[in-house]
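What follows is a set of notes on a single structure, which appears directly below.
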Amino acid sequence: MNDLNPLSSLIQAGQFIGWTCRLDYEQAVVLTCDQWKARARGVPHNCFLLAADAGKNPEEIILLRVTGSAPLPAGHETLLASIRSLMARPSPPTAPAPAAPADGEFQFGGLGCRILGTFYLQAGQLRLGSDLESYFHAPHLAVYRPAGAALEAIVNFVNPERATAAQEEARRLDLPGELPRFPIGTVRYTSTDRLHRGGDCEPAVFYLNAVDFLARRTAVFGMTRTGKSNTVKQLVSVVMRTSRGSGLKIGQIIYDLNGEYANANQQDKGSIAEVFPGDTLRYRMLPTAGFQLILNNFFTQLVEGHTTLKGLIEAGKIPRNADLEAFLSMDFSEPRREEYNSDGEFQRQSGIYQRKIAAYQALLFRAGYELPPHFKITFEANAGIRNKVNPSVDPAGGLTATQACEWFQLARQIQDELITAKGADWIDPDTNALMNLLLQRNDQGAYIPGFRLLQPYKDYHAPNRTTDVCDEIYQHLVGGKIVILDLSVGDPAQRERLGKRIAQHILRQSMAAFNSGRHPPHIVIYVEEAHNIIGRQEALTDIWPTIAKEGAKARIATVYATQEVSSIHPNILSNTENILVSHLNNENEINELAKYYDFRDFSRSLIRAQNVGFARVKTLSNPFVIPVQIDRFDPERERRRAISGGPGL
Ligand SMILES: Nc1ncnc2c1ncn2[C@@H]1O[C@H](COP(=O)(O)OP(=O)(O)O)[C@@H](O)[C@H]1O
Ligand SMILES: [Mg+2]
């Protein structure tokens, strides 16, 4: 055989397992015998087979997947005749002759196969069509179970058109040089893998192409503890390695609901944060050593801080009073000129706004919220008002928080005078309600708990933060860092809100870059336990479905991991290019998945095989599902690689 011919090189004579004895466009039945099977180290359920003309350089090779056993075509007599006739044929060069017909015929049986496609040559290039063009009714094609290098070539095969498209895409994505691809595991067909992966069998490595992954969607499904997080860690580290090896910055952000990426967890002795210490930033909602706060500074990010407080108070089921209600419905966004008819009106509203935020800042301080360093509370008050309230200070020059509290206390004592002096809105209803909360008295002068109601939420305020946390995170991603959002602590509603806000910010910034003709940075967003974050009920305009739809343009890849296929928004699922599934425990989830590609072939095996990391993988480049044992994320090995600095692919 000509080894240079890419078709012939797929055929491994030693892996001969039988002959096709029936073939049509969809199905094939392969006649095999025990000796041949044994010699080829078994024929596992769902394994790939190749069928080709024996004894000469094939012009095409049919790719099959074993889907079960199959009755042999005809009655006993015909079968015997068929077997004898087959045995009379010259066998493929190295296939052993089966045992003497007298016992041999009992050792024959049929394998049911589905046709996955046809490998053929065109202009010297290997191609894979996804069907069978034509067939013979008595097709005695020799059948082989590919292993080692041939199997690796099959599972990683990419059609020339797709390869060209990938090249172009890589250019658009600024991927330099050779198209990077990530090794993620080795082919595995069945839970019992004594024969097909045992002994000295050379494993067939399966690669995920970077262009299939970047700016695309990937789903990781499977029951708890079947290796989803391991897959994500494996992806994060191969992406990091590729990024370091190629010099292309790829930012990665992990929505870590269980806190397993940020901390060394005891079972796994190692975490992403430990493997890439210089390139990983950890964020949490509550103050913790080694973590940045996901939170914002309530004194400076007013709208954000107020929204957080509002969510917490509403979730806290605190008894309401009129001033608290007023506080909850306040809006702290700055007045904009275009909202007003005249400069004069705009100025007046700006003055009101200044006083309102001053009262709010004083309230936060009174409730014990730590001030940012050197913080001053500033607002305008004309000489008339200053003289009435407190002639010794000018709020326009900035008051300390204590001075501001005193100022509002004094202003309250002469509030009636202020109203008559300057018109009713020098203290507008919002400022009035804030002053009530600050001074713990309602409009009727009765005691209210006031600022005390805000005290329990102090931990959600980050006094040292000077920029919006979303922007800070985005800048890390632009710099090619790994950002871990440890969402395992803190209020669940806030967690969801902040999670969305960060995702929104990433999309907005990257879309802005795209729309202005610049190249957005490469970003991969990993969402763990995605059913908690990306609900099926979300409107199409919500952030996660939008990212799934628009993310590609903005070079945002999403990877979501969950045990519930059915919980994922259908729009996201149908826009998902890569799917990796390990064990699922019920028919509903399997049926949901079986709607996609050829996952139906694996329905039984997915329910039955509970092995950790045993995934069935469909990627954009591969026209069919490939069963793969995902590599174990090995922190020690990754750390050594990270230190040696090579791409390590
Ligand atoms: N491919 C794999 N090979 C070997 N062990 C694995 C593999 N995937 C996961 N594990 C181990 O199995 C356990 C559960 O895996 P994990 O990824 O946390 O599952 P999940 O996220 O699906 O709950 C972990 O201890 C992990 O180290
Ligand atoms: Mg997990």
Side-chain angles (χ1 to χ4, degrees), residues 1-18 30 32 35-52 58 61-66 92-96 111 113 116 119 126 128 142-158 178 180-209 227 230-231 234 238 241 580 605 609 611-617 619 621-622 624-634 637 641 646-649:
M1 264 185 231
N2 174 7
D3 277 344
L4 297 176
N5 175 342
L7 259 187
S8 310
S9 62
L10 295 179
I11 300 292
Q12 297 156 308
Q15 292 296 108
F16 172 81
I17 61 118
V30 174
T32 180
Q35 282 160 299
W36 294 335
K37 283 208 269 190
R39 210 178 73 114
R41 300 188 73 101
V43 177
H45 186 216
N46 287 334
C47 75
F48 293 112
L49 296 178
L50 296 174
I61 297 179
I62 304 171
L63 178 65
L64 307 169
R65 166 149 40 232
V66 175
T94 59
L111 291 169
C113 302
L116 296 180
F119 283 109
L126 188 62
L128 174 63
V143 179
Y144 306 83
R145 179 171 80 70
L151 182 58
E152 194 164 308
I154 291 168
V155 297
N156 295 300
F157 178 75
V158 178
E178 277 276 290
R181 50 184 201 161
F182 315 132
I184 58 166
T186 47
V187 175
R188 173 185 192 164
Y189 296 121
T190 44
S191 170
T192 313
D193 60 353
R194 181 178 68 85
L195 291 172
H196 76 278
R197 289 161 54 85
D200 53 2
C201 282
E202 197 191 324
V205 177
F206 177 72
Y207 296 88
L208 179 59
N209 294 313
N230 178 77
T231 305
Q234 194 59 23
V238 288
R241 257 188 275 147
L580 296 87
S605 133
N611 305 69
V612 175
F614 178 19
R616 320 307 183 280
V617 181
T619 66
S621 288
N622 278 107
F624 44 80
V625 174
I626 293 162
V628 176
Q629 174 63 40
I630 305 289
D631 290 336
R632 187 186 176 131
F633 170 70
D634 178 347
R637 196 183 58 205
R641 275 178 175 154
L649 290 178

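- Of all heavy-atom pairs between W36 and I17, the closest is CE3-O, 3.5 Å.
- Checked against side-chain contact (heavy atoms from CB on, under 4.5 Å), A150 has the following partners two or more places apart in sequence or in another chain: Q12, P146.
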Exercise for the section: Check step by step if side-chain contact (heavy atoms from CB on, under 4.5 Å) holds for F182 and R241. Expected result: CA-CA 9 Å; F182 315 132; R241 257 188 275 147; over 6 Å; no
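- Smallest separation of non-hydrogen atoms from R145 and P44: CD-CD, 3.9 Å.
- Proximity of V628 to V155: side-chain heavy atoms (C-beta onward) are nowhere separated by under 4.5 Å.
- Nearest heavy-atom pair across A149 and E202 is N-OE2, 4.3 Å.
- F206 has its side chain within reach of N622: a pair of non-hydrogen atoms, C-beta onward, lies under 4.5 Å apart.
- Formation of a donor-acceptor pair under 3.5 Å by the R39 side chain with backbone atoms of G14 is found in this model.
- For N209, the side-chain contact (heavy atoms from CB on, under 4.5 Å) partners two or more places apart in sequence, or in a different chain, are V158, R181, V211, D212, S621.
- Qualifying side-chain hydrogen bond (donor to acceptor under 3.5 Å, both in side chains) partners for T32, counting only residues two or more places apart in sequence or in other chains: none.
- Atom CZ of F157 is separated from atom CG of L126 by 4.5 Å, given to the nearest 0.5 angstrom.
- Looking only at side-chain heavy atoms (C-beta outward), L50 and I154 come within less than 4.5 Å of each other.
- Across all non-hydrogen atoms, the minimal contact from S9 to P6 is OG-O, 3.1 Å.
- F624 has its side chain within reach of L128: a pair of non-hydrogen atoms, C-beta onward, lies under 4.5 Å apart.
- Every residue two or more places apart in sequence or in another chain that forms a side-chain contact (heavy atoms from CB on, under 4.5 Å) with D631 is listed here: Q234.
- Residues passing the side-chain hydrogen bond (donor to acceptor under 3.5 Å, both in side chains) test with T186, sequence neighbours excluded: R197.
- R65 meets the salt bridge (charged side-chain N to carboxylate O under 4.0 Å, His left out) test with D598, D601; sequence neighbours excluded.
- Shortest non-hydrogen contact noted between P58 and L7 is O-CD1, 3.4 Å.
- With values rounded to the nearest 0.5 angstrom, H45 atom NE2 is found 7.5 Å from S605 atom OG.
- Proximity of V238 to P183: side-chain heavy atoms (C-beta onward) are separated by under 4.5 Å at one or more points.
- Shortest non-hydrogen contact noted between R41 and L195 is NE-O, 3.0 Å.
- With rounding to the nearest 0.5 angstrom, the CG atom of L208 is 5.0 Å from the CD1 atom of I184.
- Between the side chain of N46 and the backbone N or O of T190 there is no donor-acceptor pair closer than 3.5 Å.
- Remark: H196 pairs with Y189 by the ring-ring contact (aromatic ring centres under 6.0 Å, His included) rule, at least two apart or across chains.
- The side-chain hydrogen bond (donor to acceptor under 3.5 Å, both in side chains) check on Q629 picks up R188, with sequence neighbours excluded.
- Not a single side-chain hydrogen bond (donor to acceptor under 3.5 Å, both in side chains) links T192 to another residue, sequence neighbours left out.
- Taking the side-chain contact (heavy atoms from CB on, under 4.5 Å) definition, one finds that A51 meets it with T20, I62, L64, L141, V143, sequence neighbours left out.
- At least one side-chain heavy atom of I626 sits less than 4.5 Å from a side-chain heavy atom of F48.
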